[in-house]
2 protein chains.
Amino acid sequence: MASDLRPPEHQVAGHRASADKLGPLVDGEGLFYKPLQAGERGEHEAAFYAAFTAHPAVPPRVRGAFFPRFHGTRLLPAPASPGGAPYPHIVLDDLLAGLQSPCVADVKIGACTWPPRSPDPYVAKCLAKDRETTSALLGFRVSGVRVVDARDGDVWRPDRSELKGMDAAGVHRVLRRYVSTCGGSGDGLDCALAAAVYGGEGGVLAQLRELKAWFEVQTLYHFYSASILFGYDANAAAAAAASSSSAPGGVRVKLVDFAHVDDGEGVIDHNFLGGLCSLIKFIGDIVAEVTEKASNIVYLQMSHIKRHQMERKSQVFERGNFTELPVT
Amino acid sequence: MASDLRPPEHQVAGHRASADKLGPLVDGEGLFYKPLQAGERGEHEAAFYAAFTAHPAVPPRVRGAFFPRFHGTRLLPAPASPGGAPYPHIVLDDLLAGLQSPCVADVKIGACTWPPRSPDPYVAKCLAKDRETTSALLGFRVSGVRVVDARDGDVWRPDRSELKGMDAAGVHRVLRRYVSTCGGSGDGLDCALAAAVYGGEGGVLAQLRELKAWFEVQTLYHFYSASILFGYDANAAAAAAASSSSAPGGVRVKLVDFAHVDDGEGVIDHNFLGGLCSLIKFIGDIVAEVTEKASNIVYLQMSHIKRHQMERKSQVFERGNFTELPVT
């Protein structure tokens, strides 16, 4: 079975596996193998998954909806080691399994990416990166993106230096680009998939809000330096958008990367929660923008008389007088 | 009129005015005079108040409920300057005016107390303090407290070094102490005023939640290093608690200290919001604790038969079967 393992085609962040380097692998049958990170990090992440999976205070709905399922650890032959000495991997659900043309975004959450009790040099290193990127300013940074155009299969995937140098306007743009079918370099972002992917019942925004409700009360873990991974299928989203249905299904919102998770010790994860609320505001603004545009189109299609009635009503509302006007 | 000015009796944080030192003053008629802070801070704070007061996008309800009213700046004779050369003061509502025995808490909000674009030495200084105190860990720190015992007028007021060295358990304790009428050094905290001060319609918790709703959407300002000031009257709260009324009225929740406010630039204040949510969790837990205790007392006062019926019902609920049982 190990011979079927290969680097995931759609990886957007982290080290990539190659003939002589460790990196994540997928088996094409729904499993994802993440090599244990060096030092204590890998052990720490595996221990987190084991504890989290069994924790009685984690609501099953939260665990199932927002975290990859953990299948233990497994030794796999390591590349470039003499005789392929085995190396331990964390085995997880492949979060993009079943998506034909996966569009992926990896968003690292939190203004601060270091646990408060970290040693000073580590704090200094992370802090510098948090201030160079948008983490300190926005409470999150985009670490990776991959967008497939459903019409021609073209893939857009900015490189890491481009993402690192991004300011708030750049982040707003990349979050719009993630749900657009045309990627002109000017203002050519149509946000055609925003209602289908971000909006609606199973959309990103609804899922982020559900996650937020848990973060307002959970005091078990502090998720420093963890990411939220978004995934959707370009074809399914395009079909949903074409039929004005807002639920293509299969829009994924998952937490990943737990090498720096800290004990909550009875305190909520205010750092993650703050960043999550900031991300919700960014995405909510994009949804509001396209919803407003859509209702403007409906408005323009209305008859002149209906529009006149609406305008009179809205003037009355603005004056703070809520009496209904008789239809004139 | 200036001759009536005096240092506020109930000040819990910041420099205290004396014969040869600048510090805040009150006139006993509802106004509070805050000397402009040195360097650019004072100017910055005065400019914030002027802009905030006039900003059309700030909801009047938020401005009125959660911020001191700004009455401009005023030159007052400065102590210890030859001939009393005048010094500029920011004139604000005295937030504790009208309270006979004010109980006050000053809570500095945010895991991070420095605006992201601050110069490195300032960041280093603030960061060290955020890590030494509970800011980084809890998302807030208690900067000052004053509690009056309604029975004997005794005042409890921990000194600053005590507050600075406080851990999470200490913060939980001081927030319980703030609403207790007995302050034994052991576990002698009765939280007798928790329902009256923290709970109920006009209580601290309801006010913090309203403030939170604004912080989830406002992108005008980032309130680095600002505090939330709580205030209530010991006598009014004791009377309300005695009559089991949960609304003594006049429970105050106000933002103060705006020398480090930054432009929001279209991004929510995730740092303040995260800390605010953490504080809400701490205070919500205290309210839940006393509410549970109260309902246990009611439960114990019930007849045996009633209790038996309730237990059967709750077992049924736990099994996930929501059919009402017939009363046996």
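Below, read A as the first sequence line, B as the second, and so on, with proteins coming before strands; counting in each chain starts at 1.
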message = Can you confirm whether Glu43(B) is buried at CD, in the sense that more than 12 heavy atoms of other residues, nucleotides or ligands lie under 6.0 Å from that atom?
response =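 Not more than 12 within 6.0 Å, no.
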Taking side chain as everything from C-beta outward and backbone as N, CA, C, O, which of these in [X] sits under 4.5 Å from a heavy atom of chain B? Side chain, backbone, both or neither.
X: Phe215(A); answer: neither
X: Leu276(A); answer: neither
X: His222(A); answer: side chain

inquiry  = Assess whether a salt bridge exists between Arg131(A) and Asp120(B), defined as any Lys/Arg side-chain N lying under 4.0 Å from an Asp/Glu carboxylate O.
reply    =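 A salt bridge is present here (some side-chain N lies under 4.0 Å from a carboxylate O).
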ask   = Can you name the closest pair of heavy atoms from Ala136(B) and Pro116(A) and give their distance?
value =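 Minimum heavy-atom separation between Ala136(B) and Pro116(A): O-CG, 3.9 Å.
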Closest approach of Lys281(B) to Val217(A) (non-hydrogen atoms, all atoms of both residues) =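 Nearest pair, atom of Lys281(B) first, then Val217(A): CE-O, 3.2 Å.
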Pairwise distance [atom1]([X]) to [atom2]([Y]) - rounded to 0.5 angstrom:
X: Glu216(A); Y: Lys212(B); atom1: CD; atom2: NZ; answer: 3.5 Å
X: Asp130(B); Y: Cys112(A); atom1: CG; atom2: SG; answer: 10.0 Å
X: Asp167(B); Y: Glu265(A); atom1: CG; atom2: CD; answer: 10.0 Å

Looking only at heavy atoms and a cut-off of under 4.5 Å, which of [options] has the most pairs with chain B?
options: Asp269(A), Leu138(A), Leu127(A), Asp262(A); answer: Leu138(A)
options: Leu137(A), Leu273(A), Val123(A), Ile280(A); answer: Leu137(A)
options: Gly266(A), Ser118(A), Pro115(A); answer: Ser118(A)

query = Which atoms of Phe140(B) come close to chain A, meaning under 4.5 Å heavy atom to heavy atom: side chain ones, backbone ones, both, or neither?
reply =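 Neither part.
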inquiry  = Quick one: does any side-chain atom of His270(A) pair with a main-chain N or O of Gly139(B) as donor and acceptor, under 3.5 Å?
reply    =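 Pair found, side chain donor or acceptor close to backbone of Gly139(B).
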query = What residue in Ala111(B), Ala124(B), Ser278(B) has the most heavy-atom pairs under 4.5 Å with chain A?
reply =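 The answer is Ser278(B).
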